[in-house]
Every structure is written in C-alpha cells, then in structure tokens.
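See below for the structure under consideration.
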Amino acid sequence: TSLLLMAGIVVAVGLCRRLTRRRLRSHPRLCAFLLEMFSTFQICACTNELCLLCNTEPKPHTGLTLTYGFTVLHGLTLPGSTCNPCGTLQPMWGGGTSVKMGGLKISAQFVAAVLARVFMHFLWRLEMAEPHFGALSQGCGNPMQTTELQAFCIELLFSVVFQLTVLRVESINPKYRVHVIALLITMLVYAGGNLTGAIFNPALAFSLHPNCFYDKFWSYSLVYWIAPSLGKFLLFYVF
C-alpha cells in the first residue's frame, strides 16, 4: 500500500508538472515556482513515507533498496528541478540565476515541504497501511543520535560530497547520471543515516522533522540548515 501511495504521488506530480508547462508558458516566474514546488513536494512526500518503512525487515537492506530505487525515480521524473535550497544557491552564486528567481525557487521548496507534511499527515490519519498506525503520535523522531558538533560536521561533509559529485557528473549521460547520484545518496544514508538521517537538504529536513525544529529550533537549524548551506559555500570557495 505504501509503494502504491508513493507511485500515485509520482504520477500526480508528473501530470501537474506537464499541465503547468502547457498552461503557464507566458508566466515564467509562476511556472518556475509551481514546477519547483511540485517537484519538491514529490520528494518530501515520498521520503516521509519511506521513513515509515525504514524498519521493515530485512534491515537495512529494504530501506536502502527503496532509497536507491526512489532516488532514481525522482531523478528520471523531475528533470530541471533542484528540490534543494543548497542546489539553488549554485546558479545564484555563479550568476546563472537572478537573486529574485533563486529566492522564488527556495520559497517554493519550503512551501512544498510544509504542504507535503500536511498531506502525509492527512493520509496517515486514514491508516491505509500498517506503517501508518501510530505515525502521528511519534512527535519529534530525534534524528540526531550523536552530539550536536558531530551532527553538524556530518551534514556539512555530506553536503560537500553530494554537491561536488553533482558538479562532477554534469557531463555524464542523464540516464547514467541519476544512477550515480542515487548510489551516492544510498551510500551516504548507509554511512550516516543512523546518526543524523543523512538529509543534507534544508527543505526536506524541515518536512521530515518539523516538531524537532519547533522543540529545538537553534540546534536543528544549525545542523540541517546552516551546515548544508555552509558546505555549499565552502565548495564555491575551494573549487
């Protein structure tokens, strides 16, 4: 049921993106906002559901396989979208995107993060699948299972590794590039998922753990917002 739910989200987002491109060609800013919002919504909604399946036996093979598979699916179905505020900073810093357009896309990403969380809460209340039972009563899932300093360093390092890989594989055929990126994300999740969740995406982190940001805003914003953004700027400075 969970897999069918995520597949339905992917199909619905694909239809919305196609309709947006057809109907809003004469409104580039609104079109860009909606495309980025729909794309980020798909990633946040599917990842929220995947988090409920991470304890499915056999562990961690099931969770890692689903992570790889859906990362490839996102890469194939969401071309042209970054779905990550840190990724949006790159063209802004290089001058390829105006500050206004970059800010618009980042706003769309956080709006999508909130909408995805609200949408998934609504579905979880329906209790269509066994993992949904009790999902709403979990509150803050405490993704940080280490010290704040170590969590900061992990998210910073993972952000640098991920963004550097994205830059290095730009010349590869898109059909193969999505598999390289998916393999990298799966490896990072395996390496640090039990410590910080290995998110390195500020919008996704806010969608997955809004209660944690409410309870300990400064700690979680430092680890899941500032660390990935700082990693991006370090990458700019070095390379």
Side-chain angles (χ1 to χ4, degrees), residues 2 6 40 43-76 78 82-87 89-90 109 113 131 138 140-170 172 176-209 212-213 216 219-239:
S2 291
M6 289 186 283
T40 308
I43 289 180
C44 291
C46 289
T47 307
N48 269 280
E49 187 70 16
L50 279 176
C51 286
L52 299 182
L53 303 177
C54 63
N55 292 322
T56 304
E57 296 292 344
K59 295 187 296 183
H61 306 84
T62 301
L64 294 175
T65 301
L66 290 173
T67 298
Y68 176 83
F70 274 91
T71 303
V72 171
L73 184 62
H74 295 323
L76 294 174
L78 303 175
T82 58
C83 308
N84 187 337
C86 296
L89 292 174
Q90 177 185 342
Q109 291 159 0
Q138 292 179 359
C140 174
N142 251 348
M144 279 197 291
Q145 297 297 317
T146 183
T147 64
E148 187 174 307
L149 178 60
Q150 289 179 335
F152 177 88
C153 294
I154 290 171
E155 289 293 313
L156 174 65
L157 175 62
F158 283 6
S159 177
V160 170
V161 171
F162 175 73
Q163 298 296 339
L164 179 59
T165 303
V166 170
L167 290 175
R168 294 301 184 186
V169 300
E170 283 183 345
I172 299 178
Y176 304 113
R177 184 168 62 228
V178 294
H179 289 279
V180 174
I181 294 176
L183 180 61
L184 173 66
I185 290 176
T186 304
M187 292 172 61
L188 294 178
V189 170
Y190 177 73
N194 62 325
L195 298 175
T196 65
I199 302 174
F200 47 90
N201 182 333
L204 178 59
F206 187 66
S207 182
L208 294 177
H209 308 293
C212 298
F213 281 91
K216 299 179 180 179
S219 295
Y220 279 83
S221 61
L222 178 69
V223 173
Y224 294 105
W225 288 355
I226 297 177
S229 301
L230 181 60
K232 188 65 178 180
F233 284 113
L234 286 176
L235 192 65
F236 290 147
Y237 179 77
V238 174
F239 293 96

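Everything quoted here is computed from the prediction, not taken from an experiment. The first residue in the sequence is number 1, and the count goes up from there.
In this structure, the ring of Y220 has its center no less than 6.0 angstrom from the ring center of W225.
Rounded to the nearest 0.5 Å, atoms SG (C46) and CE (M6) are 6.0 Å apart. Summarising the geometry, atom CG belonging to L156 is positioned 6.0 Å from atom CG belonging to L234; distances are rounded to the nearest 0.5 Å. Rounded to the nearest 0.5 angstrom, Q109 CD and T40 OG1 are separated by 4.5 Å.
The side chain to side chain donor-acceptor pair (under 3.5 Å) check on Q145 picks up nothing, with sequence neighbours excluded. Residues passing the side chain to side chain contact (heavy atoms under 4.5 Å, CB included) test with V72 are Y68, L76, V178, H179, A182, sequence neighbours excluded. Partners of Q163 by side chain to side chain donor-acceptor pair (under 3.5 Å), not counting sequence neighbours, listed by chain and number: K232. The side chain to side chain donor-acceptor pair (under 3.5 Å) search around S229 returns none, not counting sequence neighbours. Partners of T62 under the side chain to side chain contact (heavy atoms under 4.5 Å, CB included) rule, at least two apart in sequence or in another chain, are T56, P58, L66. Applying the side chain to side chain contact (heavy atoms under 4.5 Å, CB included) rule to L73 yields the partners V10, F70, T77; only residues at least two apart in sequence or on another chain are considered. Legend: residues meeting side chain to side chain donor-acceptor pair (under 3.5 Å) with T146, ordered by chain and number and at least two apart, are Q150. In terms of the side chain to side chain contact (heavy atoms under 4.5 Å, CB included) criterion, residue partners of T67 (sequence neighbours excluded) are, by chain and number, T71, I185, T186, V189.
The shortest non-hydrogen separation linking F152 to I226 is CE1-CG2, 4.4 Å. The shortest non-hydrogen separation linking R177 to I172 is NH1-O, 2.9 Å. When all heavy atoms of T165 and V161 are compared, the pair lying nearest together is OG1-O, 2.7 Å.
In this structure, the side chains of Y224 and C212 stay at 4.5 Å or more apart for every pair of heavy atoms. Taking the side chain as every heavy atom from C-beta outward, F162 and I181 approach each other to under 4.5 Å.
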Side chain to side chain contact (heavy atoms under 4.5 Å, CB included) for L167 and L235? Distances and angles first, verdict last.
CA-CA 10 Å; L167 290 175; L235 192 65; 3.8 Å; yes
Just do the side chain to side chain contact (heavy atoms under 4.5 Å, CB included) check on S2 and L52 with the steps written out, would you?
CA-CA 9 Å; S2 291; L52 299 182; over 6 Å; no
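A donor-acceptor distance shorter than 3.5 angstrom exists from the side chain of N84 to the backbone of C86, with no hydrogens or angles considered. A donor-acceptor pair under 3.5 Å links the side-chain atoms of S159 to the main chain of P228, judged by distance alone.
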When the side chains of residues 191-207 are checked against the rest of the protein, which donor-acceptor pairs come out under 3.5 Å, sequence neighbours left out?
unit_1, atom_1, unit_2, atom_2, d
T196, OG1, E155, OE2, 2.7
T196, OG1, A198, N, 3.2
N201, OD1, A203, N, 3.1
N201, OD1, L204, N, 3.3
N201, ND2, C83, O, 2.9
S207, OG, N48, ND2, 3.1
S207, OG, A113, O, 3.0

